[in-house]
2 protein chains.
Amino acid sequence: MAVSAVLNGARTSSRTAPETRRRILEAAEKLRYRPNAAARALAERRMNTIGVAAVFERSQLNQYFLEVFNGILETAAQHDQTTTVFTLHDWEKDSARLDKFCDGRIDGLVLIAPRLTKESVAALPTHTPSVGVHANLAVPRWVNLESDEERGAYDMVKYMIELGHRRIMHLTGPRGLLGVERRVTGFKRAMSEAGLRRENTIIVEAGFTTPEGYRALRDWMKASSGQKMPQAIFCANDGVATGCMEVLAEVGIRVPSDISLAGFDDTLAARSTVPQLTTVRQPLHEMGNRAVEVLLERIEASREGKIDRAAQNIVFSTELVLRGTVAPPPSQEIVVPQI
Amino acid sequence: MAVSAVLNGARTSSRTAPETRRRILEAAEKLRYRPNAAARALAERRMNTIGVAAVFERSQLNQYFLEVFNGILETAAQHDQTTTVFTLHDWEKDSARLDKFCDGRIDGLVLIAPRLTKESVAALPTHTPSVGVHANLAVPRWVNLESDEERGAYDMVKYMIELGHRRIMHLTGPRGLLGVERRVTGFKRAMSEAGLRRENTIIVEAGFTTPEGYRALRDWMKASSGQKMPQAIFCANDGVATGCMEVLAEVGIRVPSDISLAGFDDTLAARSTVPQLTTVRQPLHEMGNRAVEVLLERIEASREGKIDRAAQNIVFSTELVLRGTVAPPPSQEIVVPQI
DNA sequence: CTGAAAGCGCTTACAG
DNA sequence: CTGAAAGCGCTTACAG
């Protein structure tokens, strides 16, 4: 008892005699004593650990994940929480495994970009507090952090239009995902507000990775040889935009003098191209920070018995980041070259 | 007892009567029973968790880390181990904290690119098995995974020389680090074997990040205005090479027709530039895989009382990855422009 | 085949 | 101010 009190310092009122205290400290030092985390966790019923679940594939090392994760690590460390990572291969199949992780080894869970279905929502852990970042659907009694992607897309496309662009392509992420559809909606809204219709609007599904961006643009160009190129391409994310840059470089179309190109997210990838990408910033790092704060609040609440039943969406604003890949359109139309 | 035996299945010989077994399973199902990980850890004296320690700064989101980490996660998951991450701000100051993490919450620790000093080596956890990846110095009784960086550098520079390059710059990482010095050594060896001396050899310290690469080349050019540009630049890593591409694009020097450029590591960054970077591949993902395997062996050994006292270095080979940024030098010398 | 008991290493009322 | 005791939820000999 005395040992526990002394060693935990502030935790309990230290009402130990100085001499006893000294002896305890001395012995602890001498023995290189370290309290055992598992035993403490068992007694206190808390691990001081939060879990992060994400799909993490070798093939698509994920800039997006890295930024959010970094924010999570930062805030977790500030609160003396350690972070453990659970990798899934596939949200559809693996969301059942989530429940297994919630076996006392973590106090709460943040799900990064989960792709949930109605069934998998039912399988979500119920005893362990959790929050989502960019979840693809609303979950009852859940907090989800998202950003105003529609607005971001709208702002970017409007900016392109103001520069004089008319014929604009949108290379989308995997259709059906909430965030993807929001970007499509923003794109369409900006186009139609400017009176630009069908013939100027090209929507092609790509994905979220650089190879997918490369493929999508290349395939479209193959199929459209001899037609007019778009004057600008608004991409699903920075990775896709990078893929586009490769295609364009290969065929000798220059960015931004011949064609404008914009990304989304503002990940490290946006600063790794030459010229650097004009993009829509989502505050991913801050969202990671916030996810942990919210989660910690929920953990605290559930400990005090007041389970927070209010579902809420926390919406972050997006921001245009103007760099080197968007410029006024060239005076002459460019024709899709033979590939 | 019976419950434990049944639920753990293979673990103990299941010698339970079918009827008892059925009842147990049924009850477990009905109650949605989940064994408590902390209690199990306490009883079994193992967490089935490995720790990963790395410096993880907001400012320099680290491609290198991401690749190694991904390999670690993969192998850990295969062995049903969870992975927890400890972030340090600074190896020098924080290596004392490492010891605190080793309080029973992890069974072993992998240190990613630790920058150790003699003092911090002494403070390294002794009871918890650990391995290093790219450690900067040899630690007694330790396993360190590294790659043949000298050879990688040598091969790349030799390749440049064979293409006809004579005046070659090496933009180094932070001087003093083992890996950095090895690359410098490989560079120098290739140069001197080819009979290229001082006047053709330009060594400038940069760092490991894109902004540092940008700064270093730009500063050098500022100070060298009117002199001859190098015909090729061999960079400390892919991030630095990306920084160089930015500078060169700004001043209108084309890669690779005017100047050749090579990176190191073959991270995602090497595939995000246009044209893609010619680089030296280190098998980072595989090194992450292997680190976990070795660590798990050591954990097992230490459990069986046979502490493995043999220090060993596991050396992976490097490999030239020829992409788009290295070509024969131009016929005319290029002069450093005024910046 | 089954169950009572001790122990893993802590924390937290509680009685002195 | 101090220490004996119970309990956190498991596993593992051990005796029946």
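Numbered from 1 within each chain, the chains take letters A, B, ... in sequence-line order.
Here B:R34 lies in heavy-atom contact (under 4.0 Å) with sugar-phosphate atoms only.
What separates CZ of A:R46 from C1' of C:dC10 is a distance of 15 Å, to the nearest Å. Going from atom CG of B:N36 over to atom C1' of C:dG9 covers 14 Å, rounded to whole Å. Rounded to a whole Å, the CZ atom of B:R23 is 13 Å from the C1' atom of C:dC1. Taking atom CE of residue B:M47 and atom C1' of nucleotide D:dG9, one finds them 14 Å apart after rounding to whole Å. Atom CZ in A:R105 sits about 13 Å away from atom P in D:dC10, given to the nearest Å. Rounded to whole Å, atom C1' of C:dA6 lies 13 Å from atom CG of B:L42. Protein atom CD of A:E44 is 12 Å distant from nucleotide atom C1' of C:dG9, rounded to whole Å.
For B:F101, the ring pair (Phe, Tyr, Trp, His ring centres under 6.0 Å) partners are B:F86, not counting sequence neighbours. Shown here are the salt bridge (Lys or Arg N to Asp or Glu O under 4.0 Å) partners of A:E300, two or more places apart in sequence or in another chain: A:R46, A:R303. Listed by chain and number, the residues in a salt bridge (Lys or Arg N to Asp or Glu O under 4.0 Å) with A:E286 are A:R281, B:R58 (sequence neighbours excluded).
For DNA chain C, the stems formed by at least three consecutive Watson-Crick or G-U pairs, with both atom-pair distances below 3.5 Å, span C:1-3 with D:14-16, C:5-12 with D:5-12, C:14-16 with D:1-3.
No side-chain N or O of A:Q63 forms a donor-acceptor pair with one of A:D265 less than 3.5 Å apart.
When the side-chain nitrogen and oxygen atoms of B:R40 are compared with OP1 and OP2 of D:dG9, none of them lie within a distance under 4.0 Å. For the pair B:R45 and C:dC8, the criterion of a side-chain N or O lying under 4.0 Å from OP1 or OP2 is not met.
Under the side chain to side chain donor-acceptor pair (under 3.5 Å) criterion, the residue pairs touching residues 24-34 of chain A are A:R22-A:E26, A:R34-B:D99, with sequence neighbours excluded. Sorted by first and then second residue, the side chain to side chain donor-acceptor pair (under 3.5 Å) pairs with a member in residues 82-92 of chain A read A:T49-A:T82; sequence neighbours excluded.
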